[in-house]
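Below is one structure, written out as structure tokens; comments come after it.
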Amino acid sequence: MSTAPAGVDLGRRGAVSSFFAYKRRTRLALLLGPPVFWLVIAYLGAIAALLLSSLWSVDSFTEKVVHTYGTGNLRTVFTDATFRAVTLRTLGIALLVTALDALIAFPMAFYMSVVASPRMRRILVVLVLTPLWASYLVKAYAWRVLLAPDGPLGAVFGGTPGYGKTALVLTLAYLWLPYMVIPVYAGFEKLPRSLFEASSDLGAPPGRTVRSVVLPLVFPALAAGSIFTFSLTLGDYIAVSSVGGKTQMLANVIYGQLITANDQPLAAALSIIPLIAILLYLAAMSRTGALDNV
């Protein structure tokens, strides 16, 4: 009875392995190819079109877009005092909303994950997610009614902050709070409960345990939630028009340039500012490990 040489047998096995590896790569390419292609065309293509259109101009007489390239719009965006003030105000409000949501979400997520019973935990998670089921417009205009001088808050507390920056921060903090609570809650769920016992056994009071043990471990989750709250605030313009009063943010300035002033190139140039801000914020948060929690 003859047998094939060992080298031939190994060669056949290598060929079979290569064949199946090729089939796996082919299936993976067929599976991921269309969405990756769509991402490149729809997302990166849109950004490329945005950057390209920011170099165009508008004819002052016909008000039509002139497809000649120049950097006039970019110079205006980065040197004009009004646009600079709106940019700083937008970044300040985005950071303030993010900090406020973090201060609210941390104790909420701590209670949900560590203190609450399993049944209460499920109820609280549902309550946190419930606002996401409602329409954005309904929630924004509900806050407009609440903050009206003759609204419910005025009747209970004798007055309201009115429409303006304070109302805008409160409304945006409410709208984006679930996007902060859920990542922080997930971060608490990953914490071993033995850490609390070990810290207590070493004599650390609860406050020291939170500062020295819990907060450093949950900080990447807080940073992950801040990516959502920061970016969503940066691009919001409906809440601004609803409760912002005379407050102007980048998104509604861009909307005004595009719709009211009919200046698409300048609107495109203004859109580069939040794009740069988000990229810089993502780069900063990636150093904290936040992208592993998104």
Side-chain angles (χ1 to χ4, degrees), residues 87-116 120-121 124-132 134 136 139-140 143 147 161 164-192 195-196 199 204-236 239-240 243-244 247 249-251 274 277-294:
T87 299
L88 293 176
R89 183 186 306 122
T90 302
L91 293 174
I93 290 175
L95 292 173
L96 184 58
V97 169
T98 298
L100 185 59
D101 277 344
L103 289 174
I104 297 173
F106 187 85
M108 282 182 62
F110 179 83
Y111 180 84
M112 290 166 58
S113 177
V114 179
V115 180
M120 179 58 67
R121 188 178 307 155
L124 291 174
V125 170
V126 171
L127 290 177
V128 168
L129 294 176
T130 297
L132 298 178
Y136 173 90
K139 292 182 289 187
W143 272 90
L147 295 168
K165 188 181 295 185
T166 301
L168 180 59
V169 170
L170 291 174
T171 302
L172 291 173
Y174 164 78
L175 289 171
W176 313 138
L177 181 60
Y179 297 96
M180 178 69 80
V181 173
I182 296 304
V184 179
Y185 169 74
F188 273 114
E189 285 292 286
K190 296 178 182 178
L191 285 183
L195 291 177
F196 299 99
S199 180
R208 179 64 184 275
T209 300
V210 171
R211 290 194 308 271
S212 302
V213 178
V214 176
L215 187 57
L217 294 175
V218 179
F219 184 77
L222 279 168
S226 75
I227 293 173
F228 295 110
T229 57
F230 181 82
S231 59
L232 289 170
T233 301
L234 211 60
D236 186 272
V240 182
V243 300
T247 304
M249 289 179 63
L250 270 174
I278 291 173
L279 290 176
L280 292 176
Y281 195 83
L282 283 173
M285 291 300 104
S286 66
R287 300 176 66 88
T288 68
L291 298 183
D292 296 333
N293 291 271
V294 176

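To the nearest 0.5 Å, atoms OG1 (Thr87) and CE (Met249) are separated by 10.5 Å. One distance of note links CE of Met108 with CG of Leu124; it measures 7.5 Å at 0.5 Å rounding. If you take CD1 on Ile93 and CG on Leu168, they are separated by 5.0 Å, rounding to the nearest 0.5 Å. Distance check: Leu100 CG to Ile104 CD1 gives 4.0 Å after rounding to the nearest 0.5 Å. Atom CG of Leu96 sits about 9.0 Å away from atom NZ of Lys165, to the nearest 0.5 Å. For the atom pair Leu88 CG and Leu250 CG, the distance stands at 9.5 Å (nearest 0.5 Å).
A 4.5 Å side-chain heavy-atom check between Thr171 and Leu147 finds at least one atom pair inside the cut-off.
Note on ring orientation: taking the six-membered ring where Trp is involved, the planes of Tyr281 and Phe230 are parallel (angle under 30°, cut-offs 30° and 60°).
Applying the side-chain hydrogen bond (donor to acceptor under 3.5 Å, both in side chains) criterion to Ser113, with sequence neighbours excluded, gives Glu189, Arg193. Remark: Tyr111 engages no residue in a side-chain hydrogen bond (donor to acceptor under 3.5 Å, both in side chains) (not counting sequence neighbours). With sequence neighbours excluded, the residues that form a side-chain contact (heavy atoms from CB on, under 4.5 Å) with Ala251 are Tyr237. With sequence neighbours left out, the side-chain contact (heavy atoms from CB on, under 4.5 Å) criterion links Leu215 to Phe106, Leu222. Asp101 is linked by a side-chain hydrogen bond (donor to acceptor under 3.5 Å, both in side chains) to nothing, counting only residues two or more places apart in sequence or in another chain. Under the rule for a side-chain contact (heavy atoms from CB on, under 4.5 Å), Pro216 has no partner lying at least two apart in sequence or in another chain.
Closest approach of Leu234 and Ala94 over heavy atoms only: CD1-CB, 4.2 Å. When every heavy atom of Tyr136 is checked against every heavy atom of Ala239, the shortest pair comes out as OH-N, 3.3 Å. Nearest heavy-atom pair, Gly164 versus Thr247, reported as atom, atom and distance to 0.1 Å: C-OG1, 3.7 Å.
Evaluation of the side-chain hydrogen bond (donor to acceptor under 3.5 Å, both in side chains) test over residues 89-98, restricted to residues two or more places apart or in two chains, returns Thr98-Thr229.
Around atom NZ of Lys139, more than 12 heavy atoms belonging to other residues, nucleotides or ligands sit under 6.0 Å away.
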Pairs under 3.5 angstrom only: tabulate donor-acceptor contacts from the side chains of residues 175-185 to other protein residues two or more places apart or in another chain.
{"from": "Trp176", "atom 1": "NE1", "to": "Thr233", "atom 2": "OG1", "distance (Å)": "3.3"}

